[in-house]
*Asks:* 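Got a structure here, written out as structure tokens. Questions coming.
Throughout, a chain's letter reflects where its sequence line sits, starting with A, and its residues are numbered from 1.
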There are 2 protein chains.
Amino acid sequence: MKLSVRGKYALRALTVLGESYGPEVVRIQAISEQQNIPKRFLEQILFDLKSAGIVESRRGVAGGYRLAAPPDKIPLAKVIRHLEGALAPVGCISERFYEKCSCPDELKCPLRSIMKEVRDAIANILEHSTVADLVARAVKLRNQPDLPLDYVI
Amino acid sequence: MKLSVRGKYALRALTVLGESYGPEVVRIQAISEQQNIPKRFLEQILFDLKSAGIVESRRGVAGGYRLAAPPDKIPLAKVIRHLEGALAPVGCISERFYEKCSCPDELKCPLRSIMKEVRDAIANILEHSTVADLVARAVKLRNQPDLPLDYVI
DNA sequence: ATAAACTCTATTGACTCTATCGTGTTTTAA
DNA sequence: TTAAAACACGATAGAGTCAATAGAGTTTAT
């Protein structure tokens with residue numbers, strides 16, 4: 001579940017869209033500049049998110065992107081699953097992206113058993129975190145002095 | 001933190017070594033056959049684990065590998081970190097494998113803040129699980145009827 | 001001495017990933 | 001009505017990673 005650059009860009013873009021959620025649309029270029037993301041690459045990513053029904057767009061001179069649902073209705077797990085595939089660290093656990101393993105007997109594989117716990121821990125956080133949480137954290141961090149993350153609860 | 005095939009092979013091999021932990025050494029070929037791992041590839045992996053001080057070897061005709069420490073003293077996190085690098089899903093969190101991110105301000109990055117929670121959840125499990133746990137689970141699963149993992153607590 | 005087994009480096013082929021490019025199409029402000 | 005802005009979509013290049021194999025060397029029990 002190492003997040004690719006693509007995935008990071010997507011989540012950062014969604015945070016921007018979440019912050020200005022409403023009927024209005026945000027230009028790609030605005031996101032690109034604010035978040036330091038290559039514009040052409042971002043186009044690709046947003047288009048991909050659109051095909052997943054996560055964002056919607058308006059074309060033309062006053063065009064741009066906006067969230068397709070309220071920020072608190074978009075779990076990060078949904079975004080990551082669409083962009084990166086399985087949350088599980090090994091394919092033989094994943095329900096949606098199952099991949100057969102080479103081990104002698106999957107049902108008796110101790111590694112699979114432990115990795116399932118890891119998967120559940122990850123999924124538990126990412127299913128319950130939404131774009132709204134990202135926005136909330138962004139606001140909170142913005143209004144705080146520069147504390148390292150360890151002191152932020 | 002998607003585990004590579006290499007990482008899976010390593011952990012499965014360590015489970016075998018854990019099961020027959022003692023002064024005696026296990027041949028690569030035995031592990032390779034039992035676990036369905038390409039022998040030449042496994043050689044490479046075990047040699048790598050040796051350089052990390054996780055296993056030790058004996059050369060010659062009666063040679064082979066054994067754990068360099070008792071199974072309960074080898075946390076899975078150590079193995080995975082050596083083989084795959086950071087446990088964290090994004091490099092800008094990792095203490096041991098830190099990588100700079102392109103975001104405008106890392107200290108105010110909400111994504112980083114959430115991913116730190118994911119990292120902690122993963123690390124919490126993998127720091128406290130050891131090769132001994134893998135062995136214990138293997139034994140347990142072996143003595144059980146074929147239940148899907150969901151019913152195993 | 002010989003064979004079995006580890007040691008170590010190199011390399012190959014497939015694949016993935018980031019990023020850029022080109023060329024459309026749609027929309028709308030002027 | 002026209003031109004510019006922005007999305008749509010596919011193609012592709014370049015770099016890197018990864019699994020797997022290969023080859024030649026060293027060690028050691030018998």
*Asks:* From CD of B:E24 over to P of D:dA29, roughly how many Å is that when rounded to an integer?
*Replies:*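 My rounded result for the distance is 12 Å.
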*Asks:* Which nucleotide, C:dT20, D:dC7, C:dT28, lies nearest any side-chain atom of A:P38?
*Replies:*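 Nearest to the side-chain atoms of A:P38, counting from C-beta on, is C:dT20.
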*Asks:* Between A:F41 and B:A62, which is nearer to the 5' end of DNA chain C once each is assigned its nearest nucleotide?
*Replies:*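 Nearer the 5' end of the strand: B:A62.
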*Asks:* Whole angstrom is fine here: how far is it from CG in B:D48 over to C1' in C:dT9?
*Replies:*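 That distance rounds to 14 Å.
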*Asks:* Is there a side-chain contact between A:P75 and A:L126, using heavy atoms and a 4.5 Å cut-off?
*Replies:*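 A:P75 vs A:L126: side chains apart.
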*Asks:* Taking only N and O in the side chain of A:R6, is any of them less than 4.0 Å away from OP1 or OP2 of C:dC17?
*Replies:*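 So the side chain of A:R6 is outside the cut-off, no N or O lying under 4.0 Å from OP1 or OP2 of C:dC17.
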*Asks:* Base, sugar-phosphate alone, or nothing: which one does B:I28 contact when heavy atoms must sit under 4.0 Å apart?
*Replies:*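 Sugar-phosphate: the residue B:I28, judged by heavy atoms under 4.0 Å, touches backbone atoms but no base.
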*Asks:* Applying a 4.0 Å non-hydrogen cut-off, can you work out what B:G63 is touching in the nucleic acid: base, sugar-phosphate, or nothing?
*Replies:*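 The residue B:G63 makes sugar-phosphate contact but no base contact.
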*Asks:* For the backbone of A:R66 and the side chain of A:E56, can you confirm whether one donor and one acceptor N or O come within less than 3.5 Å of each other?
*Replies:*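 No: the side chain of A:E56 does not pair with the backbone of A:R66.
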*Asks:* Taking atom types as they are modelled, is there a donor-acceptor pair under 3.5 Å from the base of C:dT25 to the side chain of A:R59?
*Replies:*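 Check passes, donor-acceptor contact within cut-off.
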*Asks:* Side chain of B:V5 only, please: which of C:dA5, D:dA8, D:dA19 is the nearest?
*Replies:*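 In terms of side-chain proximity for B:V5, the closest of C:dA5, D:dA8, D:dA19 is D:dA19.
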*Asks:* If you assign B:L42 and A:G60 each to the DNA chain D nucleotide with the nearest heavy atom, which residue ends up on the more 5' nucleotide?
*Replies:*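 Upstream on the strand: A:G60.
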*Asks:* Tell me which of A:R40 and A:G7 sits closer to the 5' end of DNA chain C, going by the nucleotide each one is nearest to.
*Replies:*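 Here A:G7 is the residue nearer the 5' end.
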*Asks:* Would you say A:S57 reaches D:dA6's phosphate, i.e. side-chain N/O to OP1/OP2 under 4.0 Å?
*Replies:*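 No, outside the criterion.
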*Asks:* Could you tell me the separation between the CG atom of B:L3 and the P atom of D:dT17, rounded to a whole number of Å?
*Replies:*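 About 18 Å, once rounded to whole Å.
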*Asks:* Atom OH of B:Y9 and atom C1' of D:dA20: how far apart are they, to the nearest Å?
*Replies:*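 Spelled out: OH on B:Y9 to C1' on D:dA20 is 9 Å.
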*Asks:* So, A:S94 and A:E99: side-chain donor and acceptor under 3.5 Å apart, yes or no?
*Replies:*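 Absent: no donor and acceptor within the cut-off.
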*Asks:* Indicate yes or no for a side-chain donor-acceptor contact from B:H82 to the backbone of B:K78 under 3.5 Å, with no hydrogens or angles considered.
*Replies:*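 Judged by distance alone, no pair lies under 3.5 Å.
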*Asks:* If you measure from CG on A:N36 to CZ on A:R12, what distance do you get to the nearest 0.5 Å?
*Replies:*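 Spacing of CG (A:N36) from CZ (A:R12) equals 7.0 Å.
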*Asks:* Taking atom P of D:dA19 as reference, at what distance in whole Å does atom NZ of B:K8 sit?
*Replies:*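 B:K8 atom NZ is separated from D:dA19 atom P by 9 Å.
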*Asks:* Distance check needed: C:dT26 P versus A:K50 NZ, whole Å only.
*Replies:*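 One finds 12 Å between P of C:dT26 and NZ of A:K50, rounded.
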*Asks:* Between C1' on C:dT7 and NZ on B:K39, what's the gap in Å once rounded to a whole number?
*Replies:*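 These atoms are roughly 13 Å apart.
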*Asks:* Check every strand shown and say whether A:F47 touches a base, only sugar-phosphate, or nothing at a heavy-atom separation below 4.0 Å.
*Replies:*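 Sugar-phosphate: the residue A:F47, judged by heavy atoms under 4.0 Å, touches backbone atoms but no base.
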*Asks:* Donor-acceptor pair, A:S113 side chain versus A:C109 backbone, under 3.5 Å?
*Replies:*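 Between the backbone of A:C109 and the side chain of A:S113 there is no qualifying donor-acceptor contact (under 3.5 Å).
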*Asks:* Does the base of C:dT20 carry an N or O that pairs as donor and acceptor with the side chain of A:Q44 under 3.5 Å?
*Replies:*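 Side chain to base: pair found, below 3.5 Å.
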*Asks:* Among C:dT18, C:dC8, C:dT23, which nucleotide sits nearest the side chain of A:S4?
*Replies:*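 Shortest atom-to-atom distance from the side chain points to C:dT18.
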*Asks:* Send over the distance from A:I45 CD1 to C:dT18 C1', rounded to a whole Å.
*Replies:*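 After rounding, the reported distance stands at 9 Å.
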